[in-house]
Amino acid sequence: MSARTILDSMTEVLIQGEILLMAMDDQAYATKIPAAFNASVGGHYRHCLDHFRCVFEGLETDVAEINYDNRKRDPRIETVREIALAHTRELLRTSEQLEECQLERFAWARSKVSYIGDESPSARSTVGREIMYCVVHAVHHYALVSVMCSMMDVPLPEGFGVAPSTVKHNQDAAKLAA
């Protein structure tokens, strides 16, 4: 595992979040779109930030326990871009303090995964693996956000919400076609 690549990818996805926040106004950010399951861009974005925050909160414990069930779900992050931007920048500052060796740290990842019962099982993981999960998870939500922005005529940079592996695949395919 390349710890530097993982840390850089986290920075990249959080900076993409900043770009998203700068591209729209508060109304578009908070608008619930019926065709998108009555979700808002702000709701998706807050959800992504919550996952990253769970990782960092898990690092504050003696035994790193990353509990995705303990998301804060602050509704202000869903409706006020300035608050979302402040949280994004706080996560960026926190991520800059991570050292590559911390990504190898053992962690317990916990999340409710079944609709039946209340159990939240935990699985052995590492901090690096959980950061990778949060990055991929954010890209997935950014893809949904991209569609929502398109529906509201909010311009985003080309490639926003496209997985890095898809970008690479498309580049390789274009080279072969040339």
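Quick note: numbers below take in every heavy atom, side chains included, and nothing from hydrogens, waters or symmetry partners.
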Hydrophobic cluster identity match, [X] and [Y], side-chain contacts under 4.5 Å:
| X | Y | value |
| --- | --- | --- |
| I19 | V145 | yes |
| V136 | L20 | no |
| V147 | F37 | no |
| L144 | F160 | no |

Using modelled atom types and a 3.5 Å cut-off, is there a donor and acceptor pairing between side-chain atoms of [X] and backbone atoms of [Y]?
| X | Y | value |
| --- | --- | --- |
| R71 | D50 | no |
| S150 | S146 | no |
| Y142 | V13 | yes |
| S114 | I116 | yes |
| K112 | G117 | yes |
| T166 | V162 | no |
| R105 | Q102 | no |

Quick one: does [X]'s side chain get under 4.5 Å of [Y]'s, heavy atoms only?
| X | Y | result |
| --- | --- | --- |
| S95 | F52 | no |
| V63 | W108 | yes |
| L85 | M22 | yes |
| C134 | V55 | yes |
| S120 | N67 | no |
| T31 | M152 | yes |
| V167 | Q171 | yes |
| M10 | L98 | yes |

D25, CG: over 12 other non-hydrogen atoms inside 6.0 angstrom
yes

Enclosure of F106 CZ (heavy-atom neighbours >12, cutoff 6.0 Å)
yes

For the residue pair [X] and [Y], what are the closest heavy atoms and their distance?
| X | Y | value |
| --- | --- | --- |
| V127 | A107 | N-CB, 4.2 Å |
| P155 | A23 | O-CB, 3.6 Å |
| A143 | G161 | CB-O, 3.3 Å |
| V41 | M148 | N-CE, 3.5 Å |

Regarding S125 and E130, is there a side-chain donor-to-acceptor distance under 3.5 Å anywhere?
yes

Does one side chain, of R46 or H87, offer a donor that lies under 3.5 Å from an acceptor on the other?
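No, no side-chain donor-acceptor pair sits under 3.5 Å.
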
To the nearest 0.5 angstrom, please state how far the [atom1] atom of [X] sits from the [atom2] atom of [Y].
| X | Y | atom1 | atom2 | value |
| --- | --- | --- | --- | --- |
| T126 | I131 | OG1 | CD1 | 8.5 Å |
| I66 | R129 | CD1 | CZ | 10.5 Å |
| E96 | T11 | CD | OG1 | 6.5 Å |
| C54 | L49 | SG | CG | 11.0 Å |
| L91 | R93 | CG | CZ | 9.0 Å |
| L21 | I83 | CG | CD1 | 11.5 Å |

Would the Y133 and Y68 ring centres measure less than 6.0 Å apart?
yes

Measuring centre to centre across the rings, with the benzene-like ring taken for any Trp, is Y45 within less than 6.0 Å of H141?
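No, too far apart.
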
[X]/[Y] ion pair, N-O < 4.0 Å:
| X | Y | result |
| --- | --- | --- |
| D26 | R81 | yes |
| R76 | D74 | yes |
| E57 | K72 | yes |
| R89 | E18 | yes |
| R4 | E100 | yes |

Knowing that exactly one of R73, E78, H137 qualifies, which makes a side chain to side chain donor-acceptor pair (under 3.5 Å) with H47?
H137

Starting from the C-alpha separation in whole Å, work towards a yes-or-no answer on side chain to side chain contact (heavy atoms under 4.5 Å, CB included) for S122 and E65.
CA-CA 9 Å; S122 60; E65 183 176 345; 5.7 Å; no

